[in-house]
Amino acid sequence: MLDLTLLRRDPERVRRSATRRGGDGAFVDRVLELDTRLRSALTESEQLKAAKNGLTAQISKAPDRAAKAQELRPQIQSIDNSIVEASAAIPALEREIEEILADVPNLLDDSVPDGTAETDNVLVRDSGPPPEPAFPQLQHWELGERLGILDFERAAKLSGSRFTVLRGKGARLSRAIVDFFLARAGERGYLEVVPPYLVTRSTMWATGQLSKFADAMFRDEDADLFMIPTAEVPLTALHRDEILDTTQLPLQYAAYSPCFRKEAGAAGKDTRGLIRQHQFEKVELVWLTEAARSFEALERLTGDAEALLRELQLPYRVMALCAADVGFNAAKTYDLEVWLPGQAAYREISSCSNCTDFQARRSQIRFRRDPKAKPELVHTLNGSGLAVGRTLIAVLENYQQADGSVRVPAALVPFAGFETIDVPEPRRRT
RNA sequence: GGAGAGAUGGCCGAGCGGCUGAAGGCGGCGGUUUGCUAAACCGUUAUACGCCCUAAAGCGUAUCGAGGGUUCGAAUCCCUCUCUCUCCGCCA
């Protein structure tokens with residue numbers, strides 16, 4: 001949620017950010033108008049309440065309270081009526097301002113490049129040109145099915161489209177990837193957390209998932225619980241309604257979790273393979289920092305995710321998302337894209353964002369610079385480190401051998417306990 | 001699922017319906033004392049919003065889990081909800 005005070009003081013800045021995102025800045029004037037009306041109603045109502053409190057205090061102090069109460073009752077009643085009148089519009093004004101503001105995306109950072117589509121994202125750096133393949137490269141689903149480690153048909157039988165069953169070394173490699181990610185996160189100062197995978201409506205609201213993205217989430221109606229679309233939600237909301245001590249910052253959390261998404265807007269996209277699933281796994285990294293350090297933290301966070309790709313020796317590039325592509329919560333985002341030889345394309349494998357104070361304001365996560373200082377909102381950051389399924393894909397495609405087998409990257413061998421995934425015997429004879 | 005208990009400031013813990021934003025303690029901060037530390041002593045220590053406004057100070061309103069009610073007046077009385085804890089049952 002945007003800061004209403006900022007909108008009041010610098011409406012042009014807010015409008016500029018909204019239009020850069022490809023949206024409409026008209027809400028700014030509407031909010032300003034509502035806010036003016038709200039504040040005048042508030043002032044009037046509060047002045048009347050002050051007058052009433054004055055009379056009530058007279059009763060308290062009077063020697064004969066009953067008599068004084070009797071005497072002042074008519075006056076108080078008349079003020080009561082005025083209060084009701086003066087306050088009548090307040091709840092509706094507050095609600096409307098809140099409703100408008102709740103759907104306004106975060107203020108873009110000035111460093112975010114202009115652009116109207118994904119194709120305007122800017123290359124920041126890469127790991128060099130991807131190697132020239134020495135033999136025809138298979139897509140991960142071809143490899144996975146041939147190796148007997150990815151089973152899409154049975155997954156469809158169980159759950160419909162966009163699910164996958166991992167088998168044997170596929171399942172074990174997936175688990176090894178998770179272990180590898182968590183081990184590295186721990187080494188880089190992240191505290192590992194196992195959060196709830198179902199959260200309340202208010203938690204979803206606090207991290208900006210609601211109300212805009214309600215359609216994207218699975219939920220249980222009876223309990224009014226939502227299945228997390230990312231561990232960003234519980235990790236970021238962990239310190240909701242808290243005032244942290246400055247010595248606690250920055251906080252760095254890492255969590256492995258399954259993620260659930262309806263992918264309603266992605267009909268027809270990535271229907272094959274496990275690129276886009278209703279259920280996928282991810283190790284998520286979250287930072288809580290003070291405002292002045294958050295962009296420095298974004299570089300660190302991105303670097304942490306990037307280091308995983310380097311250690312896995314997967315070709316990748318870092319993209320700065322353009323204004324149109326930066327998500328609702330974020331002020332700035334880097335995407336990490338991994339090279340997939342089977343598709344001959346770079347695909348997103350991590351998204352690292354600085355959400356500045358946008359989520360912290362909704363979540364009321366604050367800190368005190370020193371014991372006497374006023375509480376300030378923290379900045380929240382999140383990034384995948386990394387998406388597990390897509391890492392599995394990248395390993396399969398980049399480490400495929402001419403005979404259809406797959407080597408396990410050296411970094412993963414200690415976690416996996418094996419060095420190759422071989423094509424099963426019966427098929428090798430054909 | 002059944003039965004009971006509870007929810008007060010950073011924490012613990014009081015609180016006959018009337019200057020109670022809230023005793024007391026702990027912790028924190030400032031100070032005195034001290035060779036240093038500790039102890040002791042003194043003082044101080046919530047948040048949001050609005051008004052004023054360069055700012056500070058000041059003033060006002062609201063807040064004792066949430067929402068509603070009774071009353072001139074509610075942390076205190078009534079209702080609803082949420083959450084936590086204990087016991088029983090069931091169970092990965």
Side-chain angles (χ1 to χ4, degrees), chain A residues 1-10 31-98 100-102 194-206 210 220-227 234 237-249 251 258 288 357 360-378:
Chain A
M1 183 131 75
L2 291 188
D3 182 9
L4 184 55
T5 313
L6 172 77
L7 187 144
R8 226 182 256 156
R9 264 206 307 259
D10 197 352
V31 168
L32 286 176
E33 183 214 328
L34 292 167
D35 179 54
T36 306
R37 279 161 58 193
L38 172 64
R39 281 189 296 162
S40 93
L42 232 36
T43 303
E44 194 185 344
S45 160
E46 286 180 0
Q47 278 167 356
L48 288 165
K49 282 180 184 166
K52 174 182 173 168
N53 287 346
L55 295 181
T56 299
Q58 279 186 40
I59 297 175
S60 286
K61 280 182 269 187
D64 184 347
R65 284 174 177 159
K68 196 70 176 170
Q70 178 78 22
E71 176 197 332
L72 294 178
R73 192 167 294 140
Q75 272 189 65
I76 289 174
Q77 256 158 20
S78 126
I79 294 179
D80 274 339
N81 292 336
S82 307
I83 291 175
V84 169
E85 208 178 308
S87 313
I90 291 174
L93 287 167
E94 283 176 336
R95 203 176 327 115
E96 193 175 348
I97 291 172
E98 154 116 7
I100 295 172
L101 243 34
V194 179
Y197 305 143
L198 298 175
V199 302
T200 60
R201 173 177 296 277
S202 59
T203 299
M204 280 299 181
W205 196 90
L210 289 177
D220 177 82
E221 301 253 350
D222 293 333
D224 203 24
L225 289 173
F226 293 74
M227 297 169 85
L238 215 47
H239 293 284
R240 182 146 64 103
D241 296 321
E242 291 183 26
I243 299 175
L244 303 164
D245 194 278
T246 187
T247 58
Q248 292 176 265
L249 298 179
L251 286 166
L288 270 54
D357 61 8
R361 183 169 297 105
R362 287 175 162 239
S363 305
Q364 285 300 297
I365 308 169
R366 295 176 291 175
F367 78 102
R368 237 185 266 278
R369 198 166 286 283
D370 71 78
K372 295 218 164 153
K374 278 175 70 79
E376 303 169 47
L377 293 169
V378 302

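Just so we're on the same page: letters track the sequence lines, and every chain starts at 1. Values below: every heavy atom of this structure, side chains too, minus hydrogens, waters and symmetry copies.
- Between the C1' atom of B/A48 and the CD atom of A/Q364 lies a distance of 9 Å, rounded to the nearest Å.
- By the 4.5 Å heavy-atom criterion applied to side chains, A/I100 and A/L34 are counted as neighbours.
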Verify side-chain contact (heavy atoms from CB on, under 4.5 Å) between A/L4 and A/V31, making sure each step is shown before the conclusion.
-> CA-CA 9 Å; A/L4 184 55; A/V31 168; 3.6 Å; yes

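- Residues that satisfy the side-chain contact (heavy atoms from CB on, under 4.5 Å) test with A/L6, not counting sequence neighbours, are A/D3, A/D10, A/R13, A/V14, A/L107.
- Taking side-chain N and O atoms only, A/R366 has no distance below 4.0 Å to OP1 or OP2 of B/U47.
- Formation of a donor-acceptor pair under 3.5 Å by the A/R65 side chain with backbone atoms of A/S60 is found in this model.
- Rounded to whole Å, the separation between the C1' atoms of B/G1 and B/G69 comes to 32 Å.
- Under the rule for a side-chain contact (heavy atoms from CB on, under 4.5 Å), A/N81 has no partner lying at least two apart in sequence or in another chain.
- Listed pair A/K374 / B/A48 meets the phosphate criterion, a side-chain N or O lying under 4.0 Å from OP1 or OP2.
- Taking atom C1' on both B/C59 and B/G6, the two are 39 Å apart, rounded to the nearest angstrom.
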Enumerate all atom pairs, one protein N or O and one N or O from nucleotides 25-30 of chain B, separated by less than 3.5 Å.
from	atom 1	to	atom 2	distance (Å)
B/C29	O2'	A/K372	NZ	3.4

May I have the step-by-step check of side-chain contact (heavy atoms from CB on, under 4.5 Å) for A/I79 and A/I76, ending in yes or no?
-> CA-CA 5 Å; A/I79 294 179; A/I76 289 174; 5.7 Å; no

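- Counting to the nearest Å, the P atom of B/U47 and the CG atom of A/L377 are 14 Å from each other.
- Residues A/L288 and A/F367 fail the side-chain proximity criterion, which asks for heavy atoms closer than 4.5 Å.
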Whether each nucleotide of nucleotides 55-84 of chain B has a protein heavy atom under 4.0 Å at its base (B), only at its sugar-phosphate (S) or at neither (-) is summarised, 5' to 3', as -----BSS---------BS-----------

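- Straight-line distance from the NZ atom of A/K68 to the P atom of B/C19: 17 Å, rounded to whole Å.
- For the C1' atoms, the distance linking B/G30 with B/G35 amounts to 23 Å, nearest Å.
- Within residues 198-206 of chain A, no residue places a heavy atom under 4.0 Å from RNA chain B.
- A/R8 comes within 4.0 angstrom of sugar-phosphate atoms only, judged by non-hydrogen atoms across all strands, and of no base.
- Contacts classified as salt bridge (charged side-chain N to carboxylate O under 4.0 Å, His left out) and involving residues 53-62 of chain A (residues at least two apart or in different chains) are not found.
- Listed by chain and number, the residues in a side chain to side chain donor-acceptor pair (under 3.5 Å) with A/R361 are A/D357 (sequence neighbours excluded).
- Look at A/R39 and you won't find any side-chain N or O under 4.0 angstrom from OP1 or OP2 of B/C49.
- Here, B/A7 and B/U20 have their P atoms 23 Å apart, quoted to the whole Å.
- Listed by chain and number, the residues in a side chain to side chain donor-acceptor pair (under 3.5 Å) with A/Q47 amount to none (sequence neighbours excluded).
- A donor-acceptor distance shorter than 3.5 angstrom exists from the side chain of A/S363 to the backbone of A/A206, with no hydrogens or angles considered.
- Separating the CD atom of A/E376 from the C1' atom of B/U47 is a distance of 15 Å, rounded to the nearest angstrom.
- Stem regions for RNA chain B, each three or more consecutive Watson-Crick or G-U pairs with both distances under 3.5 Å and listed by first number, read B:1-7 with B:82-88, B:10-12 with B:24-26, B:27-32 with B:40-45, B:46-51 with B:58-63, B:65-69 with B:77-81.
- Atom P of B/G43 sits at a distance of 11 Å from the matching atom of B/G25, rounded to the whole Å.
- B/A46 and B/U33: their C1' atoms are spaced 31 Å apart (whole Å).
- For the salt bridge (charged side-chain N to carboxylate O under 4.0 Å, His left out) condition, the pairs that include at least one residue of residues 68-87 of chain A, sequence neighbours left out, are A/K52-A/D80, A/K68-A/E71.
- Looking only at side-chain heavy atoms (C-beta outward), A/L244 and A/L251 come within less than 4.5 Å of each other.
- Here the separation of B/G28 from B/A39, taken at their P atoms, is 9 Å to the nearest Å.
- Nucleotide B/C49 holds its P atom 13 Å from the CD1 atom of A/I97, rounded to whole Å.
- Using C1' as the reference atom, B/G18 and B/C11 are 30 Å apart when rounded to the nearest Å.
- Judged as a side chain to side chain donor-acceptor pair (under 3.5 Å), and not counting sequence neighbours, A/T43 has no contacts.
- In terms of the salt bridge (charged side-chain N to carboxylate O under 4.0 Å, His left out) criterion, residue partners of A/E33 (sequence neighbours excluded) are, by chain and number, A/R30, A/R37.
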